*Asks:* 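Before I ask anything, let me first share the structure, which is written out below as structure tokens.
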Amino acid sequence: MTQKPPAKPIVTRFAPSPTGYLHVGNARTALFSYLYAKANGGVCKLRVEDTDKARSTDDAIDKIFEGLGWLMGADVWPRDETVFQSKNVTRHAAVAQEMLDSGNAYKCFATPEELDKMRNAARTEGRSPRYDGRWRDRAPGPEQGNAPFVVRLKAEQDGVTVINDHVQGRVEFRNDVLDDLVLLRSDGTPTYMLAVVVDDHDMGVTHVIRGDDHLINAGRQNQIYKALGWDAPEYAHLPLIHGPDGAKLSKRHGAVAVADFRDMGILSDAMFNYLVRLGWSSGDEEIISRKDAARSFDLDRVNKAAARFDYAKLESVNRHYLKAADDKMLLAEMTYLVGKLGLDPGSFGDGANADAGLKSLRAHEQRFLSLVPVLKERSPTVLEMIKDAAFAFVDRPIPIEPKALKLLNDDNRSLLGRLHEALGDALSNDAAWTTEAIEAQIRSFAEAEDLGFGKVAQPLRASVAGRMQSPGLFDVLYCLGRAESLARLADQAKSD
RNA sequence: GCUCCCUUCGUCUAUCGGUUAGGACGCAAGGUUUUCAACCUUGAAAGAGGGGUUCGACUCCCCUAGGGAGCGCCA
């Protein structure tokens with residue numbers, strides 16, 4: 001029996017640049033990188049590409065962590081285990097110097113203006129706009145003096161570079177289309193192209209999983225690996241996510257930052273599921289838990305084509321997770337949203353706001369907790385749950401919508417008076433106040449009045465919910481509780 | 001302009017040379033019903049076009065069309 005050498009443990013990485021928020025496309029890349037490592041017993045590391053000082057603010061970095069924490073769980077990537085690329089600049093520069101010494105890189109004194117001219121000329125002649133290699137084999141003369149220079153890779157010019165991509169398959173680039181890239185800027189700082197290669201190597205990354213806008217960079221980076229004598233990692237280039245109209249997903253399409261989806265009332269589990277399923281499939285499975293994904297994810301079943309983001313489908317996945325979610329967790333999520341977004345004053349009477357909503361949530365915790373099981377069965381998002389619960393936020397006397405008010409004519413008000421009496425008598429204490437008992441009493445009341453059930457239900461609904469639509473009447477009454485329900489009823493009733 | 005990638009119902013996808021091309025979302029109709037929802041049932045809906053290869057192509061090859069990405073001292 002031949003002993004197989006232990007397979008090299010898989011190391012993947014997610015390397016976002018802090019641009020202000022975590023885009024769903026990047027979030028999915030994070031997911032796939034993480035899942036691939038998990039499914040293969042490896043690890044996925046986080047590296048923040050913050051070499052562009054102009055764009056990398058602390059706030060932007062916080063937002064990345066916030067987005068990842070919500071989607072993946074706060075413990076997946078602890079901040080103190082994160083690699084910050086900016087901390088490695090000395091190492092990057094040293095590697096560039098090595099390449100200079102070995103003749104795999106050279107100093108280029110071309111000015112930005114020169115390069116501009118070069119590119120424009122190439123474009124007008126129908127050639128690909130590239131560096132023309134004017135300093136490739138030229139030693140700086142005395143006239144260069146202390147002139148600023150960049151360090152460029154002396155890239156191979158003949159032959160082809162082949163990438164065997166896990167998603168895209170075999171991709172070939174002619175070496176002459178892969179430019180002599182800048183490794184070190186004239187201020188001595190590393191470019192992205194150098195930094196990724198050095199950091200990926202130093203971090204022991206075996207599999208680079210990223211968006212397919214980087215596909216050609218794999219070719220370029222492989223040339224750097226080659227020049228350095230390092231083994232290049234394996235690649236998987238994921239197709240991009242498009243908006244519903246097929247164009248690149250942007251703010252114009254609505255929410256694009258993962259954090260935005262939380263504020264729309266999407267559950268983190270649902271977002272995870274939807275994103276995993278967008279571009280990856282496991283037969284006909286639509287509902288894929290975090291655990292299942294971490295067990296069965298692979299790159300073979302990643303789709304090669306770009307996918308469009310479908311908000312409706314996301315909502316339907318969300319609906320599934322909402323139904324299965326823990327009530328207390330949902331109440332906490334409702335509280336988060338009310339605190340963050342406030343409440344629609346139209347639904348709660350004049351002057352309602354986040355403070356009022358929060359106050360009400362705290363004051364009537366039991367009321368809301370008993371309502372959550374009802375709400376989660378009917379609402380697609382947490383935001384909708386809050387809207388459906390509008391009646392539970394308000395205090396007596398509750399505001400009544402115009403349409404509902406119209407229903408509360410004299411006849412109906414006296415009907416409500418009789419109902420108030422009947423209910424109060426029949427269900428004389430809190431223990432008797434159950435949905436079943438409430439239903440039985442109201443039905444027999446309607447019968448006694450010789451009225452169809454709806455004739456009683458609608459005025460009753462108007463009086464306790466303040467509007468024509470609400471969750472099931474018996475649920476509304478039950479969660480409001482005996483005292484509050486009867487009081488609301490009495491507020492609108494007229495005794496004759 | 002040049003280089004590279006992609007193309008199954010409206011959308012996400014299954015199929016890995018032989019299927020009545022399956023599922024999900026959405027949509028439509030019906031049912032249930034105290035309102036709005038939810039829920040249940042049923043239905044319509046697809047291999048971009050053209051050439052090959054093959055006994056047989058959605059599946060393999062080529063061309064065309066359409067879409068996307070890249071072409072920075074950004075990442």
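Naming: A, B, ... by sequence-line order, numbering from 1 per chain. For clarity, every value in this text was computed on a predicted model and none was experimentally measured.
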*Asks:* Would you indicate which nucleotide in U7(B), U34(B), C12(B) comes nearest to any side-chain atom of Gln458(A)?
*Replies:*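 That would be U34(B).
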
*Asks:* Starting at the 5' end of nucleotides 26-32 of chain B, put B wherever the base has a protein heavy atom under 4.0 Å, S where only the sugar-phosphate does, and a dash everywhere else.
*Replies:* -------

*Asks:* Any N or O donor-acceptor pair linking the side chain of Arg461(A) to the base of U34(B) at under 3.5 Å?
*Replies:*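 Flag set: donor-acceptor pair detected.
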
*Asks:* Keeping to residues at least two apart or across chains, list the side chain to side chain donor-acceptor pair (under 3.5 Å) pairs with something in residues 12-30 of chain A.
*Replies:*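 Residue pairs with at least one partner in residues 12-30 of chain A: Arg13(A)-Asp200(A).
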
*Asks:* So does Arg185(A) get a side-chain nitrogen or oxygen closer than 4.0 Å to the phosphate oxygens (OP1/OP2) of C74(B)?
*Replies:* yes

*Asks:* For His166(A), enumerate each residue passing the ring-ring contact (aromatic ring centres under 6.0 Å, His included) test, keeping only those at least two apart in sequence or located in another chain.
*Replies:*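 If we apply the ring-ring contact (aromatic ring centres under 6.0 Å, His included) test to His166(A), skipping adjacent residues, the hits are His207(A).
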
*Asks:* Please list, by residue number, the residues of residues 189-197 of chain A whose heavy atoms come closer than 4.0 Å to an atom of RNA chain B; answer none if no residue qualifies.
*Replies:*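 Result for residues 189-197 of chain A: Thr191(A), Tyr192(A), Met193(A), sorted by number.
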
*Asks:* By nearest atom, which of the nucleotides A38(B), C5(B), A75(B) is closest to the Leu215(A) side chain?
*Replies:* C5(B)

*Asks:* Glu315(A): which residues meet the salt bridge (charged side-chain N to carboxylate O under 4.0 Å, His left out) condition with it, sequence neighbours left out?
*Replies:* none

*Asks:* Could you check which residues of residues 145-153 of chain A get a heavy atom under 4.0 Å from RNA chain B? Sort them by number, please.
*Replies:*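 Within residues 145-153 of chain A, the residues near RNA chain B are Val150(A), Arg152(A).
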
*Asks:* Kindly write out the residues that satisfy ring-ring contact (aromatic ring centres under 6.0 Å, His included) with His214(A), not counting sequence neighbours, or none if the list is empty.
*Replies:* Tyr192(A)

*Asks:* Any pair with a residue in residues 444-456 of chain A that passes salt bridge (charged side-chain N to carboxylate O under 4.0 Å, His left out), sequence neighbours left out, goes on the list, sorted by first then second residue, please.
*Replies:* Arg418(A)-Glu449(A)

*Asks:* Select from Arg170(A) and Phe474(A) the residue whose nearest nucleotide in RNA chain B is closer to the 5' end of that strand.
*Replies:*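 Between the two, 5'-proximity favours Arg170(A).
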
*Asks:* Arg277(A) has a side chain; which of C12(B), A38(B), C73(B) sits nearest to it?
*Replies:* C12(B)

*Asks:* Can you tell me whether the side chain of Glu285(A) and the base of G23(B) have a donor-acceptor pair closer than 3.5 Å?
*Replies:* no

*Asks:* For A75(B), take OP1 and OP2 only and decide whether either is under 4.0 Å from a side-chain N or O of Thr19(A).
*Replies:* no

*Asks:* For the side chain of Asn303(A), starting at C-beta, report the closest nucleotide among C73(B), U7(B), A14(B).
*Replies:*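 The answer is A14(B), which lies nearest to the side chain.
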
*Asks:* Output all residues satisfying ring-ring contact (aromatic ring centres under 6.0 Å, His included) with His237(A), sequence neighbours left out; order by chain, then residue number.
*Replies:* Tyr235(A)

*Asks:* Considering only residues two or more places apart or on different chains, which pairs with a residue in residues 172-184 of chain A satisfy side chain to side chain donor-acceptor pair (under 3.5 Å)?
*Replies:* Tyr106(A)-Asp180(A), Arg136(A)-Asp180(A), Thr161(A)-Asn175(A), Arg170(A)-Glu172(A), Arg174(A)-Asp176(A), Asn175(A)-Gln223(A)

*Asks:* Can you tabulate the close N/O pairs, meaning under 3.5 Å, that link protein atoms to atoms of nucleotides 41-49 of chain B?
*Replies:*
none

*Asks:* All N/O contacts under 3.5 Å from nucleotides 68-72 of chain B to the protein, with atom names and distances to one decimal?
*Replies:*
unit_1	atom_1	unit_2	atom_2	d
C71(B)	O2'	Pro129(A)	O	3.1
G72(B)	OP2	Arg119(A)	NH1	3.4

